[in-house]
Amino acid sequence: MIRVVVADDQPLLRAGFATLIGSAPDLCVVGEVGHGDDVLALVRATPVDVVLMDIRMPGMDGLETTRRITADPRLAAVRVLVLTTFEIDEYVFAALRGGASGFLGKSADPADLLDAVRIVHRGEALLTPAATRSLIARYLARPERADPPDTARLAALTDREREILAVVATGLTNDEIADRLTLSPHTVKTHVNRTMAKLGAHDRAQLVVIAYETGLVRPGRA
């Protein structure tokens with residue numbers, strides 16, 4: 001069973017999501033909360049696989065709560081699926097930057113929501129690297145974005161790992177990267193996994209975020 005926490009500040013929505021999740025034979029709800037602080041307390045005290053996280057909550061919001069969960073080594077197995085009515089680039093980018101494995105609008109079909117929980121539980125990103133790349137390119141290309149690239153974050157990577165990271169950011173699969181760089185798919189997978197471990201990334205979508213934030217890849221360049 002996939003153990004899910006539903007975090008939303010609206011009781012009726014929270015109950016509805018919990019009922020939907022509880023109706024799936026492979027999913028179960030282990031908690032329903034309406035505040036970010038309560039989410040943290042619950043995931044630290046109870047085995048949890050996936051948190052269905054609202055962005056707008058009183059006190060600590062869903063983005064900060066996501067950052068705290070994904071930054072805690074004790075919660076490394078917990079995946080966060082952000083669910084919100086605010087489907088705009090800034091929120092999606094902030095969610096991925098904070099360590100979320102997926103982002104879904106509250107208007108999504110029930111079947112899509114259940115599938116999304118299963119996808120992030122498997123350790124996969126709900127947004128494909130290609131979609132993530134497009135999103136981040138749009139967001140970082142905005143004129144008000146003037147933060148300097150965090151190049152120091154790449155210091156731990158080997159030259160080959162930097163090369164792999166740059167190609168991952170174009171949205172290619174491991175097999176496609178192997179063809180481009182004349183490597184075996186197994187070798188590419190090993191490099192990708194090592195890069196994720198060194199950079200503290202939960203999935204490939206977050207590797208794309210890091211590639212852009214460090215300046216390794218820039219908007220408008222493949």
Worksheet item: Side chain of Asp61, backbone of Leu63: donor and acceptor closer than 3.5 Å?
Response: yes
Worksheet entry | Val208 side chain near Val217 side chain, heavy-atom distance below 4.5 Å | no
Discussion item. Quick one, Ile69 and Leu40 - any side-chain contact, counting heavy atoms below 4.5 Å?
Written reply: yes
For residues 13-24, tabulate all N or O donor-acceptor pairs below 3.5 Å that involve a side-chain atom, not counting sequence neighbours.
from	atom 1	to	atom 2	distance (Å)
Arg14	NH1	Asp8	O	2.5
Thr19	OG1	Ala15	O	2.9
Ser23	OG	Leu20	O	2.5

Discussion item. What's the separation between atom CG in Asp38 and atom CG in Asp9, rounded to the nearest 0.5 Å?
Written reply: 12.0 Å
Worksheet item: Using a distance-only test with no angle check, is there a side-chain donor-acceptor pair under 3.5 angstrom linking Ser184 and Thr187?
Response: yes
Practice prompt. For residues Arg153 and Leu199, determine if any side-chain heavy atom of one lies less than 4.5 Å from a side-chain heavy atom of the other.
Written response: yes
Worksheet item: Val43 and side chain to side chain contact (heavy atoms under 4.5 Å, CB included): which partner among Val48, Val30, Thr65, Val33?
Response: Val48
Practice prompt. Give the intermediate values and the outcome of side-chain contact (heavy atoms from CB on, under 4.5 Å) for residues Arg68 and Met60.
Written response: CA-CA 10 Å; Arg68 296 198 186 190; Met60 183 164 47; 3.4 Å; yes
Worksheet item: Rounded to the nearest 0.5 Å, how far does CZ of Arg56 lie from CD of Gln10?
Response: 11.5 Å
Discussion item. Does Leu154 form a side-chain contact (heavy atoms from CB on, under 4.5 Å) with Leu216? I'd like the steps, not just the answer.
Written reply: CA-CA 9 Å; Leu154 300 178; Leu216 184 65; 4.0 Å; yes
Practice prompt. Could you please spell out the steps behind the salt bridge (charged side-chain N to carboxylate O under 4.0 Å, His left out) verdict for Arg180 and Glu176?
Written response: CA-CA 6 Å; Arg180 175 178 289 194; Glu176 292 168 338; over 6 Å; no
Response to the item:
Closest non-hydrogen contact found for Leu81 with Ala116 is CD2-CB, 3.8 Å
Worksheet entry | Note: Glu161-Arg194 ion pair, threshold 4.0 Å (strictly below) | no
Item to complete: Would you indicate whether the side-chain heavy atoms of Thr195 and Leu207 approach each other to under 4.5 Å?
Response: yes
Worksheet item: Salt-bridged, Asp115 to Arg118, with N to O below 4.0 Å?
Response: yes
Practice prompt. Specify the closest pair of heavy atoms between Pro25 and Met1, including all atoms of both residues, with the distance to one decimal.
Written response: O-SD, 3.1 Å
Worksheet item: Of the non-hydrogen atoms in Tyr212 and Ala169, which two are nearest, and what is the gap between them?
Response: CE1-O, 4.5 Å
Worksheet item: At their closest point, which heavy atom of Ala201 faces which heavy atom of Ile210, and how far apart are they?
Response: CB-CD1, 4.2 Å
Fill in: Within-4.5 Å side-chain heavy-atom neighbours: Leu52 and Val80
no
Item to complete: Would you give the length of the straight line joining atom CD of Glu64 to atom CZ of Arg67, rounded to the nearest 0.5 angstrom?
Response: 4.5 Å
Worksheet item: Looking only at heavy atoms, which two atoms of Arg44 and Arg74 are closest? And how far apart?
Response: NE-NH2, 4.1 Å
Worksheet entry | CG/Asn193: more than 12 non-hydrogen atoms of other groups inside 6.0 Å | yes
Worksheet item: Would you say Leu157 and Lys198 make side-chain contact, with heavy atoms under 4.5 Å?
Response: yes
Worksheet item: Taking side chain as C-beta onward, heavy atoms only, is Ile177 less than 4.5 Å from Val168?
Response: yes
Fill in: Worked verdict on Asp49 versus Val5 for side-chain contact (heavy atoms from CB on, under 4.5 Å)
CA-CA 8 Å; Asp49 298 308; Val5 166; over 6 Å; no
Worksheet entry | Criterion side-chain contact (heavy atoms from CB on, under 4.5 Å) on Val82 and Leu104, from CA distance to verdict | CA-CA 6 Å; Val82 171; Leu104 201 64; over 6 Å; no
Discussion item. Taking the side chain as everything from C-beta on, heavy atoms only, tell me whether Leu75 gets closer than 4.5 Å to Thr70.
Written reply: no
